[in-house]
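Keep in mind that what you see is a predicted model, and the values were worked out from it rather than measured. FYI, side chains are in, hydrogens and waters are out, and symmetry mates aren't considered; it's all heavy atoms of this structure.
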Amino acid sequence: MTGKRKNNPAGSTNSYRGDVLRVLGALKVATADQIQRIGAPHLTFRHADKPTPSKRKQARTASHTAALSDMRGHGLSENGGSTETGDALRNLTPKGLLAASYEMNRPLTEMGSTARGAGSSGASHPMAVNETVIAMLRPKPNMARLVKDLPHVQAAAQAAVDGPRGVGTIASYWTEVPLPATGTWNAPGKGGAQADIVLTAPQDRVPLLFIEVDNCHETAEELADKLEKYVRFFLRKVKDTDGRERPMWRTRWRAPDTWSGDATFPPVLLVFNRLGERNPDRTVPRLMELTRPLWQGQRQKGGHHHYDGRLPIIATSLNQLRDHGPAGAVFLRFGRDHKQHLWEAIGNPRREAADTRARKEASARQEEYQAQVRRAAQEQAAKQAAEREARRPVCTGCGVKFTDERWEAAQATDWGTPRDSHPHLCDSCKQTALAAERHAVAEQEHQEPGRRGTAPHSFQRYARRPDCTECGAAFTDERWQAVERAGWGTPPRAPSVSVRRLRPVVRQQRPASLVGRAPARGAGPGRARAEDHRLALAPASLSRGTPSDQPRFSFWQGSAR
């Protein structure tokens, strides 16, 4: 504790010294009251019970005043005069500006000047700039630091927390930023402008906003000339690190290529502080006429405007901004007849609404087209399904339509030959047919000999009924049975002529000497049939001619007489 007192005799802490570096690094010059309202707004509610405003101010700024005192002893800050109300102005030294660049994570070249001598004339314009930053920022108290305070203090702080929100943090603001139309960033030439405030808060939907604060000392013509310098700066192009030309402002700040659908320049906000003799109610209409070529858009069929290549210019007053904040309808954009909140004023809500309607209409048309495509596809699929169903085979056995699997199996071929044995039958009928065929084959193999009148174990010479080679008629059962008769030894060759046809011829041409002759001794009916068989197989020449010309045979002796 003793060491801390030696280094910081005023008893300041690191957090309050950090507040001083961040606020003065952004604003360049400020009072202890402004530093406290931005860096530690909860102190405003903690000391609200003091009897007089001066005592409340002294109590809530005591911590930052001690921090400024210790930083002055370290050579980081200095007194820069006083305001018209007697408040001491504080600014950073070059050493303090370097420390602030580390605290804010900004390059030293973008920190600006130290603002020495700004308080020599009361610093009315810097104070208005600071009040504009506070009104835009609207710092919210940290309720965690008020847990031990009285309930009414916490209630007042909570009301401030629940109030209209601001834009960005103190690190989102730059002040006194040169906009060189010629020269460089560090050495701007003539013809350029200098922005009072540059706000970059993409997290709050304000990617880039330039703010000009006027204490009502400048005429409309002077303000119009300043706005033309803004346009001149926005039109300037330089080579970027990749060798391509880009607008100079894009080499330092990031912003979308389009602003609410329009390829516009970054917007400029004019904040009027009623200190001078100029009346903003008269200055603003005159300024609109002078700068009409800079901001006027092109009217579209939908009732909205396009602002491509134009400069959005918005106007408001510091008192209205302090009371309502950025979320209040206190911003008038040039070319519009009503006030809006900041996000509508810097944007193009009518075009956004028109684009939304156009997207919805395009989406509806796309959905309708997709629905038509789906309906056409469904109709085509239904038509193809109906055609396919019409081609679906029907079982010739039971009349049931084939299933997809059975249809595919029936159509399968091997080198053009159907693989299915019964392609015209369904699975059930096919199984029934196969079972019937197997049963018929088995019955034919095992029951055919018994059907012919032979024993089941008899040898079957001819598996199928023979046909006559002369007339082509099938053998009768008696003839087939005679041919099938088994004997001792090898069976004779299958007969080719039906005895039914030849026997009458043989009997008619039989020699008269043989007709009615009794068979030889020892001959039986079998021998007679053998003789008939021989006669049937004899050459036809033996039966031609007269009986006297015919040689006489002895069928049982085998010689002619």
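- Remark: R232 pairs with no residue by the salt bridge (charged side-chain N to carboxylate O under 4.0 Å, His left out) rule, at least two apart or across chains.
- Side-chain atoms of N79 never come within 3.5 Å of backbone atoms of G81 as a donor-acceptor pair (strictly under, hydrogens ignored).
- Taking a cutoff of 4.0 Å between a charged side-chain nitrogen and a carboxylate oxygen, E245 and R250 do not qualify as a salt bridge.
- Applying the salt bridge (charged side-chain N to carboxylate O under 4.0 Å, His left out) criterion to E361, with sequence neighbours excluded, gives no partner residue.
- Salt bridge R392/E389: present, at least one basic N to carboxylate O contact under 4.0 Å.
- For V231 against L294, the heavy-atom pair with the smallest separation is CG2-CD2, 4.0 Å.
- Contact between F331 and G325 at its shortest, heavy atoms only, is CE1-O, 3.9 Å.
- A side chain to side chain donor-acceptor pair (under 3.5 Å) check over residues 175-198, counting only residues at least two apart or in different chains, returns the pairs H125-D196, E176-Q194.
- Every salt bridge (charged side-chain N to carboxylate O under 4.0 Å, His left out) that E221 has, sequence neighbours left out, goes to R286.
- Each salt bridge (charged side-chain N to carboxylate O under 4.0 Å, His left out) pair with one or both residues in residues 136-163, not counting sequence neighbours, appears once here: R46-D149.
- With a 6.0 Å cutoff to the six-membered ring centre and a 45° limit on the axis angle, R374 does not count as a cation-pi contact of Y369.
- Every residue meeting the salt bridge (charged side-chain N to carboxylate O under 4.0 Å, His left out) condition with D33, not counting sequence neighbours, appears here in chain and number order: R37, R60.
- In terms of heavy atoms, P266 sits closest to L208 at CG-CD2, 3.7 Å.
- Without hydrogens or angle criteria, T132 side chain to A128 main chain gives a donor-acceptor distance under 3.5 Å.
- Side-chain contact of Y230 with E212: a donor-acceptor pair under 3.5 Å is present, judged by distance alone.
- For the pair R106 and W174, the cation sits on the ring face: its NZ or CZ lies under 6.0 Å from the ring centre, inside 45° of the axis.
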Inset, instruction - Apply the test salt bridge (charged side-chain N to carboxylate O under 4.0 Å, His left out) to residues E344 and R336: give CA-CA distance (whole Å), side-chain angles for both, the deciding distance (0.1 Å), then the verdict. - result: CA-CA 11 Å; E344 288 183 348; R336 300 177 184 174; over 6 Å; no

Inset, instruction - Before giving the answer on ring pair (Phe, Tyr, Trp, His ring centres under 6.0 Å), spell out for Y307 and F265 the whole-Å C-alpha distance, their side-chain angles and the decisive distance to 0.1 Å. - result: CA-CA 9 Å; Y307 298 100; F265 298 132; over 10 Å; no

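- Under 4.0 Å is where a charged nitrogen must lie from a carboxylate oxygen, and between D214 and R274 no such pair does.
- With hydrogens and angles disregarded, no donor-acceptor distance shorter than 3.5 Å links the side chain of D240 to the backbone of R246.
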